[in-house]
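Chain naming here is simple, since letters A, B, ... match the order of the sequence lines and numbering starts at 1 in each.
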Protein chains: 2
Amino acid sequence: MNVTHKEAFSLLQNTDNILILTHRNPDGDAVGSMFGLFYALKEMGKNVRCIIDTVSDALSFPVTEEAFIEFEPDTVVTVDVADKKLLTEDTLEKYGDRVFLAIDHHEANKPFSEHLLLDYKASAACEVLFDMLTAAGRDISRECATALYLGISTDTGCFRYPNTSAHTLYAASVLVEKGVDNGEINRIVFETKSRAYVQFEALAMSSLRTYFDGKCAVIVLTQDMFRRTGVSEADTHGIAALPRQIEGVLAGIVVKEKKDGTYKISVRTNEPISAAEICEVFGGGGHRLAAGCDMAGRPQQVVNDILKVVGEALENI
Amino acid sequence: MNVTHKEAFSLLQNTDNILILTHRNPDGDAVGSMFGLFYALKEMGKNVRCIIDTVSDALSFPVTEEAFIEFEPDTVVTVDVADKKLLTEDTLEKYGDRVFLAIDHHEANKPFSEHLLLDYKASAACEVLFDMLTAAGRDISRECATALYLGISTDTGCFRYPNTSAHTLYAASVLVEKGVDNGEINRIVFETKSRAYVQFEALAMSSLRTYFDGKCAVIVLTQDMFRRTGVSEADTHGIAALPRQIEGVLAGIVVKEKKDGTYKISVRTNEPISAAEICEVFGGGGHRLAAGCDMAGRPQQVVNDILKVVGEALENI
C-alpha cells in the first residue's frame with residue numbers, strides 16, 4: 001500500500017526495534033539512505049540496527065559500528081530496494097516476506113512490502129528520506145545530513161545528471177547548511193582514483209576505436225586488463241560512460257569480456273539513438289540512453305554484430 | 001568604493017547605454033556573468049552591449065548576436081575581472097580608466113573602478129549577480145538563469161569544489177526552477193571531450209610516474225604530444241588535476257614543455273603539503289593546494305629538482 005512522506009514517518013514513529021536493509025553491492029545511495037535513516041531513528045530514541053554488504057572505503061564514512069549491535073527486530077524497513085530480489089541472499093531469505101515499509105525512488109519498483117513510500121521523481125532514496133523528515137518537521141542532524149548528502153551526490157553524479165532537479169539542489173543546500181563537509185566528501189568520492197584504476201582506464205582508452213565518422217566509439221575490456229592491473233570488475237562501472245563523452249559520439253559501446261569468455265555489452269547513447277533498441281536486438285534492454293546485453297562469440301565478431309545494428313540505427317536518423 | 005548588492009543594482013537602474021566587459025580568455029563564469037547581466041539589463045529596458053574574446057563552443061550557448069550591436073557607451077561595467085590588467089588589450093586601453101561598476105568574487109581583487117561589488121565568499125561572479133538580482137526583488141528570466149547557471153556550475157566544477165556553499169546550491173536550485181536545462185548543459189560542458197583531447201589525456205596518463213611510496217605523482221607533457229594530437233595548450237588545463245586524484249597522492253605534479261623549450265610546472269597538493277611553498281623554491285607561487293612555477297633545463301633534471309623539494313616537504317610531515 002502506497003503511503004505519503006508524512007504517513008511513512010508516522011508509521012516509523014509508532015514502531016520500535018527496527019532493522020534497516022538495503023540492496024546488495026551497496027552504492028552511495030544505499031549506504032547514505034541506510035545510515036541517514038539510522039541516525040534519524042536513533043535521534044528519535046528508537047532501537048535500530050542495519051545489515052549491509054561490504055561497503056567500499058570511499059563510501060564508508062557514514063557507517064558506524066553501533067548500527068551492527070544485533071537484536072531481534074519487530075519492524076523491517078528497506079531503503080533504495082526496487083525489488084526484493086536485490087536484497088542479499090541471507091536477508092532475502094530471513095526478512096524478504098516481512099518488510100513493513102519500503103522507501104524507494106526507482107520507477108521500476110516492484111512492490112514487496114506492507115507499506116511503500118515511492119517517489120520516482122526523486123534523484124535518490126536519500127532525497128525521499130530528506131522529504132520525509134522535512135514533511136514531518138524533523139530537524140536533520142549533521143550525521144544524518146552527511147549520510148543523505150552521500151546518496152544524493154552519488155546518484156546524481158555530483159549534480160551532473162538530468163535527474164538533478166531544482167528540488168534536488170534545494171535539498172543539497174539544506175543538508176550542507178547542516179554542516180556537511182561537501183568539499184571533502186566530493187574529493188574522496190569523485191576526485192580520488194586508485195593507481196590500479198588509473199592504469200586500467202589508460203588501457204581501456206588505448207583500446208578505443210571510432211566508427212561511422214566518429215558517431216560510434218567502442219572500448220573493449222579484456223580479462224587480461226583486469227589481471228594486469230588488479231582492478232576488480234565491480235570497480236569499473238564508470239568506464240561505460242567514457243565512449244559517449246567524446247564529442248560527436250551518438251553511440252558509446254563498452255564490450256567487457258567476462259570470466260567465462262562471454263561478453264557484457266554496455267551501450268550509452270545520445271539522442272536520437274536509443275540504447276534500449278540496440279540492446280533489444282541481442283535480447284537485452286534498459287533505458288533509452290543507457291542499456292545493456294550479453295553476447296558470446298569471438299571478440300571481433302561481437303563488435304561487428306553490434307556495429308551492424310548501430311549502423312542501421314544511425315542510418316535511420 | 002565598495003557597494004552592497006542593492007546599491008549596485010540601484011546604480012545600474014539609474015544608468016543607460018551600458019557596455020559590459022569581462023576578462024580575456026573567457027571561462028564559463030566570464031561568459032555567464034556577462035550574458036546573465038546582459039539579459040537582466042535588457043529586461044529592464046536598458047540599451048546594452050558586450051565585448052568579449054573568442055568563446056569556446058561548449059560555453060557559447062548564452063551568447064546572443066544582439067549583444068554585439070555597437071554604440072558609444074555612457075556606462076562601463078566589468079564582471080568577473082579581478083584586475084584591470086586581465087581585460088583584453090583593446091578594452092583595457094579604451095575603457096580601463098572609466099569603469100563605473102565592477103562586479104567580482106575574487107579574494108585577490110585589485111580595485112580599479114568607481115564602484116565595486118565584491119563578494120569573495122561567492123563561488124562565482126554569477127552567484128554575486130544572482131544575489132544582486134534577488135536583493136533587488138527582480139524576477140530572473142530563463143535566459144538570464146541559464147547564463148548564471150553556466151558560471152556557477154563551471155566555477156564549482158559542477159558543485160564538486162569546496163567553494164560550493166549551501167547558498168551556492170540554493171542559488172542553483174532557484175535557477176533550475178526558472179527553467180534551466182541543467183542536465184543538457186552539464187552534458188555539453190562537463191561530459192564532452194574532443195577525440196584529440198581523449199588521445200592527449202591517454203598519452204599524458206601513460207607518462208605518469210609515482211615516487212615516495214606513491215605520495216607524489218608526476219606527469220610530463222611534451223610539445224610532441226601536442227603536435228601528435230593537435231590539442232591546443234589552452235585546452236589542457238584539466239590535466240593539472242589528474243595526478244592528485246590518485247589515491248594516496250599528496251603532491252601531484254604536471255611538467256609541461258613550452259614552445260621555447262622551458263617548462264611550466266603545476267603543483268596540486270593535499271593537506272598537509274603546501275603547493276605554494278614548493279613552487280616558491282623555484283620563484284613561483286599560488287595557493288596552498290594549487291600553485292605553479294617556471295623552470296628550465298633538461299626534462300629529467302627539472303623533474304629531479306622538483307622531486308628533491310617535494311621529498312623534503314614529505315619528510316617534514
Could you tell me if the side chain of [Y] sits less than 4.5 Å from the side chain of [X], heavy atoms only?
X        : Y        : value
A:Tyr197 : A:Thr229 : no
A:Cys144 : A:Leu133 : yes
B:His5   : B:Asp119 : yes

Salt bridge present between [X] and [Y] (N-O < 4.0 angstrom):
X        : Y        : value
A:Glu271 : A:Arg288 : yes
B:Glu201 : B:Lys193 : yes
B:Arg138 : B:Glu43  : no

So which of [options] has the largest heavy-atom pair count under 4.5 angstrom toward chain A?
options                      : value
B:Arg187, B:Glu247, B:Gln245 : B:Gln245
B:Ser194, B:Ala171, B:Ser165 : B:Ser194
B:Asn182, B:Ile185, B:Thr168 : B:Asn182
B:Glu177, B:Arg160, B:Met205 : B:Arg160
B:Ala204, B:Gly157, B:Ser173 : B:Ser173
B:Ala217, B:Ala241, B:Gly183 : B:Gly183

Top contributor to chain B interface from [options] [non-hydrogen pairs under 4.5 Å]:
options                      : result
A:Ile188, A:Thr210, A:Val174 : A:Thr210
A:Ala172, A:Cys158, A:Gly214 : A:Cys158
A:Val180, A:Val176, A:Val249 : A:Val176

- With under 30° as parallel and over 60° as perpendicular, where do the rings of A:Phe130 and A:Tyr170 fit, or are they tilted in between?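 Because their plane-to-plane angle is over 60°, the rings of A:Phe130 and A:Tyr170 count as perpendicular.
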- Item | Which atom of A:Leu208 lies closest to which atom of A:Pro243, heavy atoms considered | CD1-CA, 4.4 Å
For [X], is it the side chain, the backbone, both or neither that has a heavy atom under 4.5 Å from a heavy atom of chain B?
X        : result
A:Thr156 : neither
A:Asn270 : side chain
A:Ser206 : neither

